[in-house]
Amino acid sequence: MQLVSITLEQCLNIRHTVLWPHLARNASRVEGDDDARHFGVLESGQIVSCLSVFMLDERRCQIRKFATLQTHQQQGYGRFLLQSVLETLVQAGVEFVQLDARTSAAAFYARFGFIAQGEPFYKKEVQYIRMSRTV
């Protein structure tokens, strides 16, 4: 398992497959993607998990579009990716991280110190909750 910086295109391949397979591939693209940093987990020469970091300002960021290929879920790849990216952000001087978690994944993020903020909301008919933590 290795943390690597990846291209937006590599990230889009996983996002589309995991998050929105029933929509057009371009539906997995979000505003700011061209300026975001994209990270992945490399396993046996294949990117199996990815997430994107969008800087809100010099010390605050948002993690978006976190996805792990279905064949690699529940094997520690997502946990490794999130922990590694959080460590990278700390080293870069980031002090605050937020994300919009699918409510079905909120317990996963809570294990990393993320706390739910506000009320659940919907995007594309999926329920989310805003979560954040200081690093």
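Hydrogens, waters and symmetry mates are skipped; everything else that's a heavy atom, side chains included, is used.
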Quick one: are [X] and [Y] in side-chain contact, heavy atoms under 4.5 Å?
X	Y	result
Trp20	Val126	yes
Ile47	Val41	no
Gln62	Ser52	no
Tyr77	Leu69	no
Leu12	Gln10	no

*According to the side-chain hydrogen bond (donor to acceptor under 3.5 Å, both in side chains) rule, which pairs have a member within residues 79-89, sequence neighbours left out?*
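Residue pairs with at least one partner in residues 79-89: Gln83-Glu87.
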Would you kindly confirm whether [X] and [Y] end up in one hydrophobic cluster when ILVMFWY residues are joined by side chain heavy atoms under 4.5 Å apart?
X	Y	result
Phe54	Ile6	no
Val85	Leu56	no
Leu8	Val18	no
Leu51	Ile129	yes

*Distance-only, no hydrogens or angles: does the Gln74 side chain make a donor-acceptor pair with backbone N or O of Gln70 under 3.5 Å?*
no
*Report yes or no: does His16 contribute a side-chain atom to a donor-acceptor pair with the main-chain N or O of His22 at less than 3.5 Å?*
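Side chain of His16 to backbone of His22, a donor-acceptor pair under 3.5 Å: no, none is there.
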*Taking only Lys NZ, Arg NE, NH1 and NH2, and the carboxylate oxygens of Asp or Glu, determine whether Glu31 and Arg64 approach each other closer than 4.0 Å.*
no
*Any salt bridge between Glu9 and Arg29, counting N to O under 4.0 Å?*
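Counted as a salt bridge, because a side-chain N and a carboxylate O are separated by less than 4.0 Å.
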*Above 12 or not: heavy atoms from other molecules or residues under 6.0 Å from CZ of Arg37?*
no
Using 0.5 Å steps for rounding, measure from the [atom1] atom of [X] to the [atom2] atom of [Y].
X	Y	atom1	atom2	value
Arg133	Ile63	CZ	CD1	8.5 Å
Thr68	Phe80	OG1	CZ	12.0 Å
Leu42	Leu81	CG	CG	12.0 Å
Leu89	Cys61	CG	SG	4.5 Å
Ser5	His38	OG	NE2	10.0 Å
Cys50	Phe66	SG	CZ	8.5 Å

Would you list the atom pairs, donor with acceptor, under 3.5 Å between side chains in residues 96-117 and any protein atom, with sequence neighbours excluded?
residue: Asp100; atom: OD1; partner: Arg130; partner atom: NE; Å: 2.5
residue: Asp100; atom: OD1; partner: Arg130; partner atom: NH2; Å: 3.2
residue: Asp100; atom: OD2; partner: Lys123; partner atom: NZ; Å: 3.3
residue: Asp100; atom: OD2; partner: Arg130; partner atom: NH2; Å: 3.3
residue: Arg102; atom: NH2; partner: Leu19; partner atom: O; Å: 3.3
residue: Thr103; atom: OG1; partner: Gln127; partner atom: OE1; Å: 3.2
residue: Gln117; atom: NE2; partner: Ile115; partner atom: O; Å: 3.1
residue: Gln117; atom: NE2; partner: Ser132; partner atom: OG; Å: 3.4

*Let me see the working for Arg59 and Asp57 under side-chain contact (heavy atoms from CB on, under 4.5 Å), right down to the final yes or no.*
CA-CA 6 Å; Arg59 302 254 183 244; Asp57 62 33; 4.2 Å; yes
*Relative to the ring of Phe121, is the ring of Tyr128 parallel (under 30°), tilted (30 to 60°) or perpendicular (over 60°)?*
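Because their plane-to-plane angle is under 30°, the rings of Tyr128 and Phe121 count as parallel.
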*Could you go through the side-chain contact (heavy atoms from CB on, under 4.5 Å) check for Asp33 and Arg15 one step at a time?*
CA-CA 12 Å; Asp33 260 339; Arg15 283 183 194 173; 2.8 Å; yes
*Who pairs with Gln73 by side-chain hydrogen bond (donor to acceptor under 3.5 Å, both in side chains), at least two apart in sequence or on another chain?*
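Partners of Gln73 under the side-chain hydrogen bond (donor to acceptor under 3.5 Å, both in side chains) test: none.
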*asked:* Checking Val4 against Phe39 for the side-chain contact (heavy atoms from CB on, under 4.5 Å) test, could you report, in this order, the C-alpha distance in whole Å, the side-chain angles of both residues, the deciding distance, and whether it holds?
replied: CA-CA 6 Å; Val4 292; Phe39 294 93; over 6 Å; no
